[in-house]
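Worksheet for the structure shown next.
In what follows, every chain begins at residue 1, and chains take the letters A, B, ... in the order their sequences are listed.
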Amino acid sequence: MDPLFPINKDVMEGYYLYCVVETAKQFLQGFLETGVEIIPFQSFTFLVRPVDSLISFDDKQKVEDLVRDHQLVSEAALKSNLPVVPFAVGNIIRGGKSELKTWMKKNYNRLLKNMEKIRDRAEYNVKIFWNPSEYIVQLSKTNMELKLLKEKCQDKQSGAAYLYEQRFKKALEGELENQAVLLFQKFYAKIRNCVTEFVIDKIKKEEGKKQMLLHVSCLVNKDHESILGDILDEIEREGYPVCFTGPWPAYSFVN
Amino acid sequence: MKIDLEEENLKGSVLGLVMALLEIIQKMLEHQAIRRMEGQSINDEQIERLGKALLRLRETIDKIKEEQGIADVVNSIHKQLDSLVDGSLVSYK
């Protein structure tokens, strides 16, 4: 099996960047045996790996392995309970240690601002789902317009019945969209108060009964994590399945 | 604006593209018909004639897709077009 990071010691391409931790070097344990180097710079410690080639994104398996490796290292750093600013996957500073230190010096203030932003905070991911079929059953009993349209589908000849069927589907879709928007606003307002910052993520169209209604990454103060958890428990008790994961390195909130 | 078509099956890909565009036109015509029904600007006889024509168009498209085995190609093209629209909306924001 090809190693993820084959090193030809005679050829030095650069340093792969994992993350930067706000601590002195001696507080970070357990990385040396993995080949990850810990390099102190002023008030930070950088987790890097020497590499002898640039990353090719053509090999899908290699890319998956790289992402996994990157996540493992960043999450291990996070377990130290120290502030961690993760780099995006695939960043390499070309050259040797002096080029790396030049880069660190040049970007120190920017990293400092990012560190201030995420200190004592962590990223959590929230997904809330609903079952539109249950709402459709409710609508069929309460919504007069839909009931009338459904009746017309059954009364009419084939051509008119087809158009009334399409009209019924359009009206139903409209009602579902309106309800989805109302629920999104309701849950967003509930979550908003205990979250420092939000990034709204893409909603994946699910097949089957459960559909994603809300998908956000949240930057949360560590002492607000349980409050967010309580709010999400309450939402789940109302009948809306919740997927709540974290803490993650704050990829969505650092520049 | 790039839409991926399979080179090995060019006939199927081109036909799939034509069917996808036909479906979009059919949806637009249906949408227009529904608007007129809601605005009550067409009578029952017109609704019946319009509905029959659109139903026949729908059935013909479905039949061609089934006979030519291009349903997956057409779905794929719709997804690509949806992505293009989503991407344009994001850029516009």
Side-chain angles (χ1 to χ4, degrees), chain A residues 57-58 60 88 127 132 136 139 143-178 180-181 184-185 188 197-208 211-217 252 255, chain B residues 2 4 19-20 22-65 71-72 74-93:
Chain A
F57 287 90
D58 294 332
K60 192 182 169 198
K127 291 176 191 159
I136 290 170
L139 273 179
N143 190 302
M144 288 312 297
E145 187 202 348
L146 288 173
K147 277 172 96 169
L148 281 168
L149 282 171
K150 199 67 190 166
E151 279 163 19
K152 283 194 175 164
C153 296
Q154 283 144 9
D155 286 343
K156 303 284 179 183
Q157 294 176 291
S158 62
Y162 176 74
L163 274 183
Y164 276 105
E165 180 79 36
Q166 303 314 307
R167 195 174 156 188
F168 170 79
K169 281 180 185 169
K170 186 190 162 204
L172 184 61
E173 273 169 21
E175 289 294 327
L176 288 175
E177 259 183 54
N178 291 342
V181 167
F184 180 94
Q185 288 170 342
Y188 184 84
E197 201 173 319
F198 262 109
V199 167
I200 295 179
D201 294 320
K202 202 172 176 181
I203 288 189
K204 286 181 190 166
K205 288 181 187 173
E206 308 270 331
E207 302 294 330
Q211 284 189 15
M212 200 181 292
L213 191 56
L214 177 146
H215 183 195
V216 292
S217 295
S252 307
N255 178 6
Chain B
K2 186 186 168 210
D4 288 327
M19 285 298 121
L22 258 182
E23 281 186 334
I24 290 169
I25 293 169
Q26 191 238 350
K27 280 279 171 220
M28 282 168 57
L29 290 170
E30 273 180 11
H31 184 72
Q32 188 62 21
I34 290 167
R35 278 183 66 184
R36 290 194 176 190
M37 286 166 77
E38 287 167 349
Q40 295 176 342
S41 59
I42 48 174
N43 60 37
D44 286 349
E45 191 195 324
Q46 288 168 324
I47 289 172
E48 174 60 24
R49 277 205 331 259
L50 197 47
K52 263 197 172 140
L54 288 167
L55 180 56
R56 244 181 267 131
L57 177 57
R58 174 77 261 164
E59 286 168 349
T60 304
I61 292 171
D62 287 343
K63 193 177 170 197
I64 293 173
K65 276 163 60 176
D72 287 344
V74 173
N75 284 340
S76 166
I77 290 169
H78 280 305
K79 279 182 186 161
Q80 289 179 62
L81 288 169
D82 285 345
S83 298
L84 280 168
V85 170
D86 287 344
S88 304
L89 287 172
V90 168
S91 306
Y92 181 70
K93 282 179 192 168

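Interface remark: of the candidates B/Arg58, B/Arg49, B/Arg56, B/Glu38, B/Glu38 forms the most heavy-atom pairs closer than 4.5 Å to chain A.
For A/Lys169 and B/Glu30, the salt-bridge test fails: no basic side-chain N is under 4.0 Å from an acidic carboxylate O.
Heavy-atom neighbours of chain B within the stretch residues 159-168 of chain A, taken at a separation under 4.5 angstrom, comprise A/Gly159, A/Ala160, A/Tyr162, A/Leu163, A/Tyr164, A/Gln166, A/Arg167.
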A/Lys170 and B/His31: CA distance, side-chain angles, deciding distance, side-chain contact (heavy atoms from CB on, under 4.5 Å) verdict
CA-CA 9 Å; A/Lys170 186 190 162 204; B/His31 184 72; 4.0 Å; yes

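Within a 6.0 Å sphere centred on CD of B/Gln40, other residues, nucleotides and ligands contribute 12 heavy atoms or fewer. Within 6.0 Å of atom CG in B/Asp72, 12 or fewer heavy atoms from other residues, nucleotides or ligands are found, so the atom counts as exposed in its surroundings.
Applying the side-chain contact (heavy atoms from CB on, under 4.5 Å) rule to A/Ser252 yields the partners A/Glu123, A/Val199, A/Ser217; only residues at least two apart in sequence or on another chain are considered.
For A/Ser158 against B/Lys52, the heavy-atom pair with the smallest separation is OG-CE, 3.7 Å.
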